[in-house]
*Asks:* 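Let me give you the structure first, and then I'll get to my questions.
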Amino acid sequence: MKLANRMSRLGTETAFVVLAKAKELEAQGHEIIHLEIGEPDFDTPQNIIDEATKALTNHWTHYGPAAGLPPLREAIAREIGRTRGIKVGPENVVVTPGGKPIMFFVMLALVNEGDEVIYPNPGFPIYESVINFIGAKPVAIRMREENNFRLDVDELISLVTPKTRLVIINSPQNPTGSVLRKADLEAIAEVAIKNDVFVLSDEIYSRIIYDGRHQSISSIDGMPERTVILDGYSKTYAMTGWRLGYGVMPADLAGQVAKLQTNCNSCTASFTQVAGIEALTGDQSEVGRMVAEFRRRRDFIVAGLNELKGISCQKPEGAFYVFPSIKQLGLSSSQFESRVLSEAGVAVLSGTSFGAFGEGYVRFSYANSVENIEKALGKMAKFLRGL
Ligand code: PLP
């Protein structure tokens, strides 16, 4: 088929490819333990489900405003104002089906062909994909293990040019679980202000953090006017399939992002937005329980991986991923991914699914029970003994 040229520049998320392969093996009768999926294994808290059910019964089944329902945008503005210590109103908020469209819309709205966008590598693969798709130049900033997978600000300074339009940061980070320090954020903010660039701050894991509180670059003076905060419900409230997220940004940009949404999907589903108000303003104890369980699993998987021959694993500070080094094994990351799946029945993702600098690493998601993680560690120990 003759496709438009731009399609050759569009990437994907290989998590879905590995999931499909794993399902195929399961259909053939093999037992597979899923450590590849980036979504909480918990159910959405019941108060949120009840609110959505009630909203459906009350006929929240029609189109709504492109930017989102005003009471939800107000609730989000209050939440962001409180947690980031900044002054924002509903005019700064655009609600989208998941946080992901914010990446797409914001880059479409801000970045011209030929502009440069600095993005974390290894990092969420959709950043690089969208940068390429819109004809901009992706400039990778390497997340180095020796720097606890945090970006190095001197390296950032060396990558900025007059063509740099946007810097993407992500903390807590996928796939490494790293968390940027206040000093990192201050230094990044200084670079952004000095060079007049925008920052897309992907804070989708802001509530899944194990030591201290989440820090946002938007809290720094001079940053609210050049920052887009991406956040949402998928991870915090185990709502991946609901498709509910948002961006918080300068009001002018919010208007443009809403216009893109009008052209693309009109609006986000109304009854999910009504439930989104309950999620933010209702009982938060389930979030605390989920994070406590993630912490238990993190400690378990890090200790278990470090006991395996040829694998070494840092302890991440946020999100629900570990990103151990497999450099001593003599296998490439993608060989490890395919052999561990077919020979040990454990689905994981090659570090290169997150960019070229992910070579030598593998991502394990610990959004699975301790029992299953223990089983997976046992299967991998056996596989590694046979290498
Ligand atoms: N940002 C990061 C870093 C992610 O890992 C994900 C999902 O995996 C998203 C954004 C998008 O989340 P959603 O569109 O489900 O809100």
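Counting from 1, the numbers follow the sequence of the chain as shown. For ligands, and for the atoms within them, numbers begin at 1 and follow the listed sequence.
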*Asks:* Mark up the atoms of ligand 1 that fall under 4.0 Å of a heavy atom belonging to G98, in ascending order.
*Replies:*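 What qualifies from ligand 1 is 14 (O), 16 (O).
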*Asks:* With no hydrogens and no angle check, just 3.5 Å: does a side-chain donor-acceptor pair link E359 and S333?
*Replies:*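 S333 and E359 do have a side-chain donor-acceptor pair below 3.5 Å.
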*Asks:* Please indicate whether any nitrogen or oxygen in K235 is less than 3.5 Å from any nitrogen or oxygen in ligand 1.
*Replies:*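 Yes, there is a polar N/O contact under 3.5 Å.
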*Asks:* In the protein, what heavy atom is nearest to atom 11 (C) of ligand 1, and what distance, to one decimal place, separates them?
*Replies:*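 Of the protein heavy atoms, K100 N, 4.1 Å lies nearest.
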*Asks:* Do you know the tightest heavy-atom contact between F42 and A238?
*Replies:*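 Closest heavy-atom pair between F42 and A238: O-CB, 3.6 Å.
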*Asks:* Does ligand 1 come near enough to D202 that some N or O of the ligand is less than 3.5 Å from an N or O of the residue?
*Replies:*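 It does: an N or O of D202 is found under 3.5 Å from an N or O of ligand 1.
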*Asks:* Give me the one residue out of R295, R181, R298 that meets salt bridge (Lys or Arg N to Asp or Glu O under 4.0 Å) with E317.
*Replies:*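 Of all the options given, the one that passes is R181.
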*Asks:* I'd like to know if D152 pairs up with R142 as an ion pair, taking the criterion as any Lys NZ or Arg NE/NH1/NH2 lying under 4.0 Å from an Asp or Glu carboxylate oxygen.
*Replies:*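 Here D152 does not pair with R142 in a salt bridge, since their nearest N and O are not under 4.0 Å apart.
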*Asks:* Say whether E13 and ligand 1 are in contact under the criterion: heavy-atom distance to a ligand atom below 4.0 Å.
*Replies:*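 Judged by the 4.0 Å heavy-atom criterion, E13 does not count as contacting ligand 1.
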*Asks:* Using heavy atoms and a threshold below 4.0 Å, how should the contact between N170 and ligand 1 be classified: side chain, backbone, both, or neither?
*Replies:*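 Side chain only.
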*Asks:* Identify whether the distance between the nearest side-chain nitrogen and carboxylate oxygen of E79 and R207 falls below 4.0 Å.
*Replies:*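 Judged by the 4.0 Å cut-off on N to carboxylate O distance, E79 and R207 do form a salt bridge.
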*Asks:* Should you measure from each heavy atom of M103, which atoms of ligand 1 turn up under 4.0 Å away?
*Replies:*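 Once the distances to M103 are compared, the set is 1 (N), 10 (C).
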*Asks:* Would you say the rings of Y205 and F320 are close, in the sense that their centroids are separated by under 6.0 Å?
*Replies:*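 Yes, the ring centres sit under 6.0 Å apart.
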*Asks:* Look at atom 16 (O) of ligand 1 and say which protein heavy atom is nearest, naming residue and atom and giving the distance to 0.1 Å.
*Replies:*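 Scanning the protein heavy atoms, the shortest distance from atom 16 (O) of ligand 1 goes to G99 N, 2.7 Å.
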*Asks:* For R243, counting its heavy atoms only, list the atoms of ligand 1 lying under 4.0 Å from any of them.
*Replies:*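 The list of qualifying atoms is 13 (P), 14 (O), 15 (O).
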*Asks:* Return the orientation label for the Y366 and Y210 ring planes: parallel under 30°, perpendicular over 60°, tilted otherwise.
*Replies:*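 Judged by the thresholds at 30° and 60°, the geometry between Y366 and Y210 is tilted.
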*Asks:* So is Y321 polar-close to ligand 1, meaning N/O to N/O under 3.5 Å?
*Replies:*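 No, no N or O pair falls under 3.5 Å.
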*Asks:* How close does the nearest protein non-hydrogen atom get to atom 12 (O) of ligand 1, and which residue and atom is it?
*Replies:*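 For atom 12 (O) of ligand 1, the nearest protein heavy atom is I204 CD1, 4.0 Å.
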*Asks:* Counting only heavy atoms closer than 4.0 Å, does ligand 1 sit against the backbone of Y233, its side chain, both, or neither?
*Replies:*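 The answer is neither; Y233 stays 4.0 Å or more away.
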*Asks:* Going by the atom numbers of ligand 1, which of them fall below 4.0 Å from some non-hydrogen atom of S234?
*Replies:*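 In order of number, 13 (P), 15 (O), 16 (O).
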*Asks:* Consider every N or O of Y127 and every N or O of ligand 1, then say whether any pair is closer than 3.5 Å.
*Replies:*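 It does not: no N or O of Y127 is found under 3.5 Å from an N or O of ligand 1.
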*Asks:* Tell me whether R297 is salt-bridged to E293, with the criterion being a basic N under 4.0 Å from an acidic carboxylate O.
*Replies:*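 Between E293 and R297 there is a salt bridge, with a charged N closer than 4.0 Å to a carboxylate O.
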*Asks:* How about N47 and E51: does a side-chain donor come under 3.5 Å of a side-chain acceptor?
*Replies:*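 Distance-only check fails for N47 and E51.
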*Asks:* What do you reckon, are the aromatic ring centroids of F354 and Y321 less than 6.0 Å apart?
*Replies:*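 Ring centres of Y321 and F354 not closer than 6.0 Å.
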*Asks:* Would you kindly specify which portion of Q173 sits under 4.0 Å from ligand 1, judged on non-hydrogen atoms: side chain, backbone, both or neither?
*Replies:*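 Neither part.
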